[in-house]
2 protein chains.
Amino acid sequence: MPKRENPTIKDVAKLAGVSIATVSRVLNKLGVVNPETEQKVQGAVAKLNYQPNAVARSLKLNRTRSIGVLLPEVSNTFFTEIVEQLEHLLSPKGYALLVCSSENSVDEEKRKLSFLLERNVDGLVVIAVSDEGSHFAEVDVPMVMLDRKIEGLGRDVIISDNRASAYEVTCALIDEGRSRIGFLGGDPHVHTSVERYRGFVDAIEERALVLDERFVLHEGMTMKSGYTLMEKALSFEDCPDAFFVVNDMVHIGATTFLMANAAREVRRRMAFASFDYLHYAPLLQFCHYAVAQPLEKMANRAVQLLTRRMEGDLKDFPSTTVFQPSIVAMKDREGSASNGTLPPRFNKEFS
Amino acid sequence: MPKRENPTIKDVAKLAGVSIATVSRVLNKLGVVNPETEQKVQGAVAKLNYQPNAVARSLKLNRTRSIGVLLPEVSNTFFTEIVEQLEHLLSPKGYALLVCSSENSVDEEKRKLSFLLERNVDGLVVIAVSDEGSHFAEVDVPMVMLDRKIEGLGRDVIISDNRASAYEVTCALIDEGRSRIGFLGGDPHVHTSVERYRGFVDAIEERALVLDERFVLHEGMTMKSGYTLMEKALSFEDCPDAFFVVNDMVHIGATTFLMANAAREVRRRMAFASFDYLHYAPLLQFCHYAVAQPLEKMANRAVQLLTRRMEGDLKDFPSTTVFQPSIVAMKDREGSASNGTLPPRFNKEFS
DNA sequence: ATGAATAATGTAAACGTTTACAACTTTGTG
DNA sequence: CACAAAGTTGTAAACGTTTACATTATTCAT
């Protein structure tokens with residue numbers, strides 16, 4: 001389809017026999033117009049199927065009504081649940097979401113950041129790639145950092161209490177009677193990974209358990225990594241029968257390895273506690289405790305802060321909001337899985 | 001942060017002691033400029049940290065370099081894998097993605113469509129909510145329909161061969177020796193669901209098996225639906241030990257039910273074949289055969305068609321591209337899961 | 001030296017809006 | 001009836017670019 005010329009406000013004005021100023025006033029309901037004139041204008045608008053040109057308006061008003069969303073990865077359910085919420089909250093307000101992936105690279109993050117700024121986004125929601133975030137310092141539009149905190153950046157931050165929740169689920173494993181617990185972690189430059197490790201250690205120390213270095217394993221936050229780390233752990237005779245797993249992806253990888261390679265006896269006894277409780281959580285058969293982050297609330301808060309800053313009626317210092325996740329007990333699921341243990345959003349429509 | 005005034009081309013011109021036309025020429029490498037002048041301009045650009053205003057440029061050029069992406073759901077891995085690809089391909093070309101969710105509602109789809117058109121997107125990638133798509137008829141920008149076809153819309157269409165693949169995996173189940181196979185389906189208004197059902201029936205008929213209506217179950221394409229359909233099927237004494245499952249979501253739901261509620265003997269024998277082979281596929285323990293759609297190729301083709309139409313050098317009639325998915329055999333995974341059976345993108349970084 | 005051709009730069013209009021201000025019309029008041 | 005106030009509409013500038021065209025400066029052949 002060739003790009004047909006759209007009617008402009010001039011066309012409407014001509015057809016209605018008024019000036020463009022009047023048309024604009026009618027459309028924006030600003031100032032007063034004679035009801036009769038309004039009728040004429042509306043008629044012309046309808047006849048021409050006129051839609052105001054958002055670009056021109058943006059230029060004039062210096063406001064694009066678009067929000068940049070910068071994520072490490074697009075195809076990660078944890079992130080996209082957040083994007084979905086953001087979209088749900090912002091689109092009724094007339095905002096469009098410009099979604100950019102930093103592809104887990106700081107360089108790409110920089111590029112995408114300036115790409116978004118060039119496009120004059122009114123605000124930014126950022127899930128940072130790592131703790132290196134100096135490029136965010138000079139951003140001069142309202143911006144909210146979600147899920148991952150970067151130190152020393154004077155910005156609104158919205159996170160979960162990673163440390164406390166990691167502590168809690170580790171304790172839950174201990175309370176189950178597990179005394180040797182391994183750790184399958186992620187990138188030491190990612191805020192969430194670090195905090196969760198701290199929480200894990202908190203629990204181990206508080207309960208005076210030993211922390212066997214052979215089973216404290218760090219790599220990336222990928223499935224691949226979970227797979228190989230689990231393989232490595234299992235290569236030891238005395239592999240623990242419980243692990244704290246830093247997130248979903250590592251969890252899937254580890255579970256995949258176990259399903260395919262571990263002896264029945266090992267599988268029977270294995271217990272995981274981990275972060276994230278997304279739609280495929282019921283499939284994670286070794287998961288006894290999951291940390292469910294309040295994604296809706298977090299997105300809500302992000303939108304609230306962002307819109308208030310954009311409207312300029314929030315001049316306060318940047319705030320840090322820490323949400324308390326809930327812990328989901330999933331053990332003994334055989335024969336007991338009521339809908340109560342199903343993840344949120346279980347009945348959504350899909351492809 | 002208050003929105004500080006950005007420097008404009010005028011500021012650059014003044015600082016460099018030239019006219020704005022010259023600055024523009026330098027920036028766009030159009031026409032010829034004296035190397036000396038260019039130096040001055042570049043210097044001024046650097047000193048002011050000038051970035052051209054994309055909105056103004058869009059207005060002048062009547063081209064926004066943004067692509068609208070309209071999906072039924074944002075938080076569905078199948079869709080977001082596609083979005084990720086699109087982003088990866090389009091962002092190097094300078095395009096921004098405006099991601100909109102139609103939230104599985106035709107009305108919302110209409111709203112979001114005109115929202116995107118108002119913003120003068122240069123092109124559209126659409127995964128339609130259902131077969132009712134009259135509102136797409138009058139779209140006057142290049143547009144590609146992905147994954148789901150709508151009849152009678154003169155548009156470029158990119159789909160998988162749903163019918164053939166469904167036929168194939170159903171045959172694979174039959175070849176395994178399964179003679180009674182159930183069907184867990186989705187919405188009859190969704191193209192993919194319908195086509196897959198046809199393929200399933202093709203196989204059943206060709207092999208002269210019987211199609212027991214009690215086990216041909218349709219509902220939504222949700223996990224919830226998979227859960228309840230499986231429950232219903234299992235309530236019969238003579239429930240089949242094999243099912244074709246229309247997609248991932250239904251598959252997860254059904255698996256969840258079985259894991260929690262089915263007798264060991266039932267679980268041991270159960271076999272699924274289904275569409276989609278996404279990152280959590282290894283967790284679907286009853287899955288014997290999965291249809292892996294070539295998402296990268298599909299996204300590639302979409303971008304190719306779209307960009308060529310946008311650049312105007314593709315005036316042909318709309319084309320329909322049908323890709324052949326590959327079939328992944330996943331049975332007997334115990335003890336044999338090499339990385340060969342792991343889904344694509346297994347080693348991606350995540351939260 | 002002259003004029004034409006070429007190179008380099010500037011001027012100004014245009015893209016489609018919004019809005020301050022001016023201008024005109026109507027109404028109301030004394 | 002004059003004049004002010006209120007109501008309604010129009011004019012024109014501005015937002016930050018791009019680009020056709022005009023202008024000026026330079027080079028070169030005659």
Side-chain angles (χ1 to χ4, degrees), chain A residues 3-45 48-66 94 117-122 140, chain B residues 3-45 48-66 94 117-122 140:
Chain A
K3 208 160 174 174
R4 198 186 54 217
E5 284 319 307
N6 290 322
T8 76
I9 198 171
K10 273 187 203 159
D11 302 320
V12 177
K14 197 176 298 171
L15 183 59
V18 298
S19 76
I20 60 169
T22 302
V23 177
S24 178
R25 273 189 288 259
V26 170
L27 268 63
N28 299 307
K29 309 189 198 317
L30 289 176
V32 262
V33 294
N34 188 315
E36 243 173 72
T37 325
E38 174 161 359
Q39 283 309 310
K40 282 192 296 182
V41 172
Q42 296 288 17
V45 166
L48 293 174
N49 193 20
Y50 167 76
Q51 282 191 317
N53 181 324
V55 174
R57 176 178 284 168
S58 290
L59 178 60
K60 179 64 195 170
L61 299 181
N62 194 26
R63 191 177 43 122
T64 55
R65 283 213 171 270
S66 52
L117 293 176
E118 218 166 298
R119 289 189 169 244
N120 286 48
V121 291
D122 292 344
D140 60 353
Chain B
K3 209 160 175 174
R4 196 187 55 218
E5 285 318 309
N6 289 323
T8 76
I9 198 171
K10 272 186 203 160
D11 302 320
V12 177
K14 196 177 298 172
L15 184 58
V18 298
S19 76
I20 59 170
T22 302
V23 176
S24 179
R25 273 188 288 257
V26 169
L27 266 61
N28 300 307
K29 308 188 200 320
L30 290 176
V32 263
V33 294
N34 189 313
E36 243 172 73
T37 323
E38 174 161 357
Q39 284 309 310
K40 283 191 297 182
V41 172
Q42 297 288 17
V45 165
L48 293 174
N49 193 20
Y50 167 76
Q51 283 190 317
N53 182 324
V55 175
R57 175 178 284 167
S58 290
L59 178 60
K60 180 64 196 172
L61 299 181
N62 193 26
R63 193 177 44 123
T64 55
R65 284 214 169 271
S66 52
L117 293 176
E118 217 167 299
R119 289 190 168 243
N120 286 52
V121 292
D122 292 344
D140 60 354

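Chain letters run A, B, ... following the sequence lines, proteins first and then strands; every chain starts at 1.
Atom pair B:Gln51:CD and D:dT17:P shows a separation of 11 Å (rounding to whole Å applied). A straight line from CD1 of B:Ile20 to C1' of D:dC15 spans 12 Å, rounded to a whole angstrom. In this structure, A:Asn62 places its CG atom 12 Å from P of C:dT19, rounding to the nearest Å. Straight-line distance from the NZ atom of A:Lys14 to the P atom of D:dT11: 14 Å, rounded to whole Å. Rounded to a whole Å, the CZ atom of A:Arg63 is 15 Å from the P atom of D:dG16. Distance CG (B:Leu59) to C1' (D:dA14): 12 Å, rounded to an integer number of Å. In this entry the distance linking CZ of A:Arg57 with C1' of C:dC15 reads 16 Å, nearest Å. Taking atom CZ of A:Arg25 as the reference point, atom P of C:dT19 lies 11 Å away to the nearest angstrom.
With rounding to the nearest 0.5 Å, the separation of NZ in B:Lys60 from CG in B:Asn53 is 14.5 Å. Taking CG of A:Leu48 as the reference point, atom CD1 of A:Ile9 lies at 12.0 Å (rounded to 0.5 Å).
Residue-level contact check: B:Thr37 touches the backbone only, with heavy atoms under 4.0 Å from sugar-phosphate atoms and none from bases. The residue B:Thr8 sits close only to the backbone: its heavy atoms come under 4.0 Å of sugar-phosphate atoms, none of a base. In this structure, A:Val55 reaches neither bases nor backbone, as no heavy-atom distance under 4.0 Å exists between it and the strands shown.
Of the two residues near DNA chain C, A:Lys60 and A:Lys10, the one whose nearest nucleotide lies more 5' is A:Lys10. Nearest-nucleotide assignment on DNA chain C puts the 5′-proximal partner with B:Ala21, out of B:Ala21 and B:Ala56.
Put simply, B:Ser24 has a side-chain N or O that comes within less than 4.0 Å of OP1 or OP2 on D:dT18. Listed pair A:Asn53 / C:dC15 fails the phosphate criterion, with no side-chain N or O lying under 4.0 Å from OP1 or OP2. Taking only side-chain nitrogens and oxygens, B:Thr22 never comes nearer than 4.0 Å to OP1 or OP2 of C:dT9. The side chain of A:Asn28 places an N or O atom within less than 4.0 Å of a non-bridging phosphate oxygen (OP1 or OP2) of C:dT18.
Using modelled atom types, no side-chain atom of B:Ser24 and backbone atom of B:Ile20 make a donor-acceptor pair closer than 3.5 Å.
The nearest pair of heavy atoms linking B:Arg63 to B:Asp122 is CG-OD2, 3.3 Å.
Nearest to the side-chain atoms of A:Val18 among the listed nucleotides D:dG10, C:dT17, C:dT18 stands D:dG10.
The one candidate from B:Val18, B:Thr37, B:Val33 that meets the side-chain contact (heavy atoms from CB on, under 4.5 Å) condition with B:Val23 is B:Val18.
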